Amino acid sequence: MFQHHKTQFSEAIRLAIHAAFDLEHDPVIETPPRRELGDLACPSALHLAKTLRKRPRDIAAEICEKLELPIGCLRVSIEGAGYINVFFDRPAYVAQLMELPDPLSDGMLAPGTASAAGKVIIEHTNINPNKAAHIGHLRNAVLGDTLARCHRALGRETEVQNYIDDTGVQVADVVVGFIDLNASSLEDVRTAPEPFDYLCWDLYSRAGRWFEEDKARLELRRSTLHELESGEGERAEMGRLVAHRIVTRHLLTMARLGVDYDVLTRESEILRLDFFARAFDRLKETSAVRFEDSGKNEGCWVMPLSQSAEFEGLEDPDKVIVRSDGTITYVGKDIAYQMWKFGVLGLDFEYRPWQGFSQEHSPDLWETAASTPLQEAAVSQLGTNSDLDFGAGELVINVIDARQSYLQKIVRAGLESLGYQSQADRSVHFAYEMVSLSENTARDLGFLGQDDEQGKSLEMSGRKGIGVKADDLLDQLEAKASAEIAERNPGFGDEAREVLARDISVAALRYFMIKATTTRVIAFDLDQAMSFEGDSGPYLQYSLVRVKNIRRRLAAESLEVPVTADVIADSDPELWSDDLWDLVLLGSQIGEVTHRAAHTLELSGLARTAADLAQRFHALYHRHPILREENAELRSVRLGAMICFERSLSRLCDLMGLPIPEQM
RNA sequence: GCGGCUGUAGCUCAGCUGGAUAGAGCACCAGAUUCCUAAUCUGGGGGUCGCAGGUUCGAGUCCUGCCAGCCGCACCA
């Protein structure tokens with residue numbers, strides 16, 4: 001809707017400029033600062049002032065003389081220094097908006113374009129399966145999930161992958177912790193009580209200290225890593241068990257937030273199915289890697305980066321792909337994985353259904369499998385499926401924090417040196433800054449002592465056991481919400497209260513993560529994150545609940561008024577005051593907002609628009625009562641505006657994963 | 001040293017392709033509830049947009065230099 005009008009206006013101005021001055025000029029279209037100035041603004045007269053050597057307002061007048069008003073526009077005016085502003089036909093615009101099946105569709109995409117663009121693969125979450133998820137991981141998962149929701153809403157085929165690094169050093173450390181520190185058996189680990197991820201959280205940091213105490217113990221890490229990669233032996237068995245139990249916990253945590261996945265891709269399968277071996281052969285064929293028989297990296301296979309301009313100025317221009325002990329680095333495995341994602345590896349996984357629980361939105365969750373003798377027993381019970389067509393995407397987006405930009409660049413460079421230039425170009429790193437702990441929160445949780453330096457935030461570290469666990473935060477949010485509800489709505493039953501408390505806590509948390517711009521480090525402050533007032537998720541929810549309340553009361557008191565598109569189209573334009581109109585007009589821009597968010601990877605715009613909408617609504621709510629309004633036509637108009645608002649904001653909330661309660 | 005990010009109100013941050021009077025939340029002060037439930041609203045105080053140049057009719061926004069902070073530049077991910 002909005003975008004369509006914008007394009008029409010821009011085109012009309014372009015033609016008018018051509019007619020008046022015989023100039024080719026691409027007009028910029030902006031939004032005026034205040035609604036009474038118009039609905040769209042064009043500063044072209046200002047831009048042309050220099051070339052034409054005339055006063056901007058005179059130029060604007062000449063353009064307006066030649067201007068043919070697009071359909072749906074009532075008039076233009078020249079404002080300020082020489083802006084050409086256009087005013088829409090309000091009743092017609094609102095009526096048209098009401099007839100759209102989806103408030104998101106606004107003529108930006110021709111039907112079918114999005115699906116023709118091919119599948120987008122989004123990889124997110126990717127928590128090492130060796131400890132509980134913390135709030136930094138939540139930022140990743142919420143951004144990834146929200147991006148996936150945007151792409152789906154825009155009509156693009158979308159596949160969400162959660163990469164499970166079950167053969168890496170971090171899992172190895174916990175295995176060493178269980179076996180060498182705790183002397184635990186497989187059975188002990190199998191039967192260890194929940195929350196298992198909390199248990200491992202502590203064990204992981206203990207293991208870290210244990211290695212620090214005596215570097216000779218690092219040999220255990222090395223040998224364990226070897227076993228994990230080979231997949232054979234007690235330690236590998238233990239690794240599988242730990243990873244599986246932890247992943248189950250992570251998925252449960254994410255399910256609380258409405259985050260779900262299509263497929264869990266496991267690193268162990270990348271090794272087992274020779275994905276890496278295949279990629280490694282190709283790297284050798286193209287001389288993208290070489291064996292070092294002397295020097296610092298003696299005994300390693302390295303990828304030279306010195307040819308690429310991107311890596312200029314590096315101290316070490318080579319990246320190790322295979323370590324001297326024969327184990328493979330993350331980068332090596334990720335190059336193979338990335339090739340598979342684009343469907344150029346020539347190998348594929350097998351899959352089996354995830355055995356756990358049902359996800360809310362996409363109940364079919366698959367995990368990778370490999371029917372090698374090792375896993376035959378487990379596989380034969382469940383059966384595998386080789387016909388699923390995961391992978392082979394057109395666009396691949398990896399949601400990974402900004403600290404890993406360098407590694408992501410190397411993976412892309414790997415694709416390039418294999419000759420996959422176009423795949424490298426379609427390989428996108430969605431980088432966001434990390435989450436640290438604010439000084440106050442770090443102190444409250446005992447991570448900072450009295451003598452620690454002041455005025456600094458504290459970086460979280462799984463290795464050191466520093467961080468706020470995701471489930472703890474969710475529990476606290478739910479408890480707070482529950483207490484608030486008990487106070488405000490004593491009539492709520494226990495179950496209703498718990499359900500609502502969950503909805504509110506999810507909204508508070510997800511909104512908190514989305515509203516932050518991706519380039520900014522979040523210094524996580526508990527008090528701030530726990531806020532249910534002002535610029536917060538519950539603020540949005542409350543505005544929608546208010547609309548529902550109005551409708552409930554209208555029905556209860558038999559005061560319903562017709563608000564069909566026809567009625568609105570015939571309504572008196574005078575009744576559409578600037579503030580009512582403003583609410584509708586902003587709500588009609590969510591398609592553009594979503595489009596921009598998905599393509600710039602800056603999702604905070606969704607949150608900002610939502611907050612803006614809710615704020616305008618809340619203000620109107622007090623100024624324009626509906627139930628007490630005598631004029632039936634005015635009641636229709638006001639209700640129409642609020643229904644448009646409800647549709648728009650509800651849609652935005654869906655995209656951000658904020659649940660919408662019936663009552664609060 | 002090289003690269004990336006950040007510097008806007010007391011605090012946390014918005015500010016889209018340069019444009020109309022630099023905005024919001026929190027905190028603080030003063031108000032609004034004969035109810036469409038106040039998780040709300042109205043009003044108020046508060047700003048050398050890090051500093052210095054430059055480009056432009058016009059710079060918080062673009063360019064250059066400096067200052068400060070954070071993060072990368074592993075045989076960890």
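These numbers were taken from a predicted model, which means no experiment stands behind them. Proteins get letters first, then strands, A, B, ... in listed order; numbering begins at 1 in each.
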Between protein and nucleotides 22-25 of chain B, what N or O pairs are separated by less than 3.5 Å?
{"residue": "B:A24", "atom": "O3'", "partner": "A:Q615", "partner atom": "NE2", "Å": "3.1"}
{"residue": "B:G25", "atom": "OP1", "partner": "A:Q615", "partner atom": "NE2", "Å": "3.3"}

Problem set entry | Backbone of A:V302 reached by a side-chain donor or acceptor of A:D318 within 3.5 Å | no
Exercise. Starting at the 5' end of RNA chain B, which residue's closest nucleotide do you reach first, A:V521 or A:P538?
Worked result: A:V521
Problem set entry | Closest-nucleotide ordering on RNA chain B, the 5'-leading residue of A:R403 and A:V545 | A:V545
Seminar exercise, completed: Sequence neighbours excluded, the answer for side chain to side chain donor-acceptor pair (under 3.5 Å) partners of A:N440 is none
When rounded to the nearest Å, what value does the distance between [atom1] atoms of [N] and [M] take?
| N | M | atom1 | value |
| --- | --- | --- | --- |
| B:G53 | B:C16 | C1' | 28 Å |
| B:C11 | B:C49 | P | 16 Å |
| B:U48 | B:G4 | P | 31 Å |
| B:A20 | B:C62 | P | 15 Å |
| B:A24 | B:U17 | C1' | 23 Å |

Side-chain donor-acceptor pairs of residues 519-526 of chain A under 3.5 Å, sequence neighbours excluded:
{"residue": "A:D525", "atom": "OD1", "partner": "A:S438", "partner atom": "OG", "Å": "2.8"}
{"residue": "A:D525", "atom": "OD2", "partner": "A:D527", "partner atom": "N", "Å": "3.3"}
{"residue": "A:D525", "atom": "OD2", "partner": "A:Q528", "partner atom": "N", "Å": "3.3"}

For this session: Please work out whether the ring planes of A:Y163 and A:Y337 are parallel, tilted or perpendicular, with thresholds of 30° and 60°.
Result: parallel
Seminar exercise, completed: Regarding the side chain of A:V169, the nearest nucleotide among B:U8, B:C75, B:A77 is B:A77
Exercise. With a cut-off of under 6.0 Å to the ring centre and 45° to the axis, is A:R221 in cation-pi contact with A:F211?
Worked result: yes
For this session: May I ask you to say whether A:K6 pairs ionically with A:E592, meaning some side-chain N is under 4.0 Å from a carboxylate O?
Result: yes
For this session: Check A:H624 against A:L580 and note the closest heavy-atom contact, atom names and distance.
Result: CD2-CG, 4.4 Å
Problem set entry | Partners meeting ring pair (Phe, Tyr, Trp, His ring centres under 6.0 Å) with A:W301 (sequence neighbours left out) | A:F280, A:F291
For this session: Could you name each residue pair satisfying salt bridge (Lys or Arg N to Asp or Glu O under 4.0 Å) that touches residues 594-607 of chain A, not counting sequence neighbours?
Result: none
Seminar exercise, completed: Each base of RNA chain B marked ( ) or [ ] if paired in-strand (Watson-Crick or G-U under 3.5 Å), | if paired to another strand and . if unpaired gives (((((((..((((.....[...)))).(((((.......))))).....(((((..]....))))))))))))....
Exercise. Is A:Y621 stacked on the base of B:C41, meaning ring centres closer than 5.5 Å and planes within 30 degrees of each other?
Worked result: no
Exercise. Can a donor-acceptor pair under 3.5 Å be found between the side-chain atoms of A:R34 and the base atoms of B:U21?
Worked result: yes
